[in-house]
2 protein chains.
Amino acid sequence: MDVRTLCLGILALGDATGYEIKKLVADGAFSFFSEASYGSIYPALSRLMDEGLVTCREEAQDGKPDKKIYSLTEIGREELTHALQKDPGPDRQRSEFLASLLFAEAVSPERVSQLIDDRIAHHKERIIALKEMVQTELTPASDFVLGYGLAIQEEALRYLEAHRDMLFQK
Amino acid sequence: MDVRTLCLGILALGDATGYEIKKLVADGAFSFFSEASYGSIYPALSRLMDEGLVTCREEAQDGKPDKKIYSLTEIGREELTHALQKDPGPDRQRSEFLASLLFAEAVSPERVSQLIDDRIAHHKERIIALKEMVQTELTPASDFVLGYGLAIQEEALRYLEAHRDMLFQK
DNA sequence: GTGTACATGTAAAGTGTTACATGATTTC
DNA sequence: GAAATCATGTAACACTTTACATGTACAC
């Protein structure tokens with residue numbers, strides 16, 4: 001999913017600024033399955049304005065640039081609906097962690113052990129964060145997606161703890 | 001992990017052609033956590049040649065271009081080891097499927113239901129394929145990574161089957 | 001005969017990240 | 001006094017995909 005459609009989808013759930021969209025995608029409910037940087041979000045929003053898919057109202061602030069709050073237009077909503085008709089492409093997962101394990105013949109067991117420990121710690125943090133997000137219920141769909149993310153994180157954690165010994169067998 | 005390091009890592013497990021690397025990454029044991037197209041693999045291999053990190057022997061074939069079989073050099077192996085010292089970046093997952101569910105307020109329940117059904121079927125296929133791969137054991141590390149992939153796929157399948165009703169509650 | 005697998009490679013186009021630029025306010 | 005948060009935006013760079021170019025062999 002490109003950043004353009006991602007912005008459209010997030011705005012369909014409520015008005016937002018570019019800054020807020022970035023936060024949602026980086027840390028919030030969307031972080032489990034998407035990514036985008038300022039360098040792609042701001043230009044995408046500008047383009048959506050030009051195309052009439054969103055509108056924007058500016059709010060003055062002291063010491064900060066004006067806040068630009070974007071809203072989806074009727075045409076924008078149609079465009080989103082249209083984009084969602086297409087079959088979703090396959091998931092794309094990239095994991096340097098898994099790659100490192102596979103290629104790690106040359107690396108010391110201590111290093112591998114440390115990689116696993118770090119990873120386990122990371123999963124535990126993510127699980128706590130996700131559980132907090134589930135509390136602040138938004139829609140049934142967001143509960144479903146957060147629950148999905150939580151289930152996957154927990155399973156990954158279980159697997160790592162149960163099977164880490166495999167990597168140290170001769 | 002960039003395509004360059006990916007090629008280095010795959011060659012560390014055994015000699016391969018560009019074509020074979022692409023197959024491994026697209027369908028094989030690496031497909032769970034990486035991606036790369038011919039358009040990035042072939043240039044990457046050429047560059048690795050120029051840098052002396054790999055060598056190449058050509059095998060003539062009838063009717064097809066000569067097969068170029070690449071091998072990692074000692075310098076290449078050092079470069080890989082060096083690259084693996086760095087902490088792996090975070091996993092990046094992108095899922096149009098999950099995004100579609102979150103944004104699907106405007107979409108009909110029938111469509112959502114069909115998306116889930118397709119996804120369940122897809123997981124079942126992947127699970128069968130992964131189980132076959134586990135049979136053709138390579139190294140303890142590859143068993144670990146394949147087992148990880150299998151565990152995640154099975155958990156995703158379980159979750160979808162157990163919780164799909166959430167999306168249709170009023 | 002139609003499609004898939006084998007096998008390499010290039011060029012253009014698209015997409016995205018990183019680093020920069022600016023600057024007040026709040027927290028440690 | 002250093003770092004994080006809020007807030008926007010651009011430019012250079014990196015990376016990837018897609019489409020093209022070429023051609024055989026085999027299965028259905």
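What you see below is based on every heavy atom in this structure, not just the backbone, and it leaves out hydrogens, waters and symmetry mates.
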Given C:dT8, D:dT8, D:dT10, identify the nucleotide with an atom nearest to the side chain of A:Thr17. D:dT8
Taking N or O atoms only and anything under 3.5 Å, show me the protein contacts with nucleotides 16-20 of chain D, one pair per line.
{"from": "D:dT16", "atom 1": "OP1", "to": "A:Arg94", "atom 2": "NH1", "distance (Å)": "3.2"}
{"from": "D:dT17", "atom 1": "OP2", "to": "B:Ser37", "atom 2": "N", "distance (Å)": "3.2"}
{"from": "D:dT17", "atom 1": "OP2", "to": "B:Ser37", "atom 2": "OG", "distance (Å)": "2.7"}

Nearest-angstrom distance from the residue atom CD of B:Glu20 to C1' of C:dT8: 13 Å
Nucleotide nearest B:Tyr19 (side chain, heavy atoms from C-beta), chosen from D:dT8, C:dC6, D:dG9: C:dC6
At what distance, to the nearest 0.5 angstrom, does CG of B:Leu167 lie from CG of B:Leu115? 10.0 Å
How many whole angstroms separate atom CD1 of B:Ile21 from atom C1' of C:dA7? 13 Å
Salt bridge (charged side-chain N to carboxylate O under 4.0 Å, His left out) test vs A:Asp117 passes for just one of A:Arg111, A:Lys124, A:Arg164, namely A:Arg164
Considering heavy-atom distances to DNA chain C, does B:Lys23 or B:Pro43 have its closest nucleotide positioned more toward the 5' end? B:Lys23
Rounded to whole angstroms, how far apart are CD1 on A:Ile69 and P on D:dA7? 9 Å
Taking CD1 from A:Ile41 and C1' from D:dG9, how many angstroms apart are they, rounded to a whole number? 12 Å
How close or far is atom P of C:dT17 from atom OH of A:Tyr42, stated in whole angstroms? 14 Å
CZ/B:Arg158: more than 12 non-hydrogen atoms of other groups inside 6.0 Å: yes
Are the side chain of A:Gln61 and the backbone of A:Pro65 linked by a donor-acceptor contact shorter than 3.5 Å? yes
Consider the side chain of B:Lys68, meaning its heavy atoms from C-beta on, and name the nucleotide among D:dT8, C:dT8, C:dC6 that approaches it most closely. C:dT8
Atom CD of B:Gln61 and atom P of C:dC6 are separated, to the nearest Å, by 11 Å
What is the separation between atom CG on B:Leu6 and atom P on D:dC15, rounded to the nearest whole Å? 13 Å
Starting from C1' on D:dG9, measure out to CG on A:Leu45 and report it in whole angstrom. 12 Å
Could you check whether the rings of A:Tyr19 and A:Tyr38 sit parallel, tilted or perpendicular, using 30° and 60° as the cut-offs? parallel
Determine yes or no for a side-chain-to-main-chain donor-acceptor pair under 3.5 angstrom, with A:Arg4 supplying the side chain and A:Leu48 the backbone. no
Are B:Phe144 and A:Tyr159 near enough that their ring centres are under 6.0 Å apart? yes
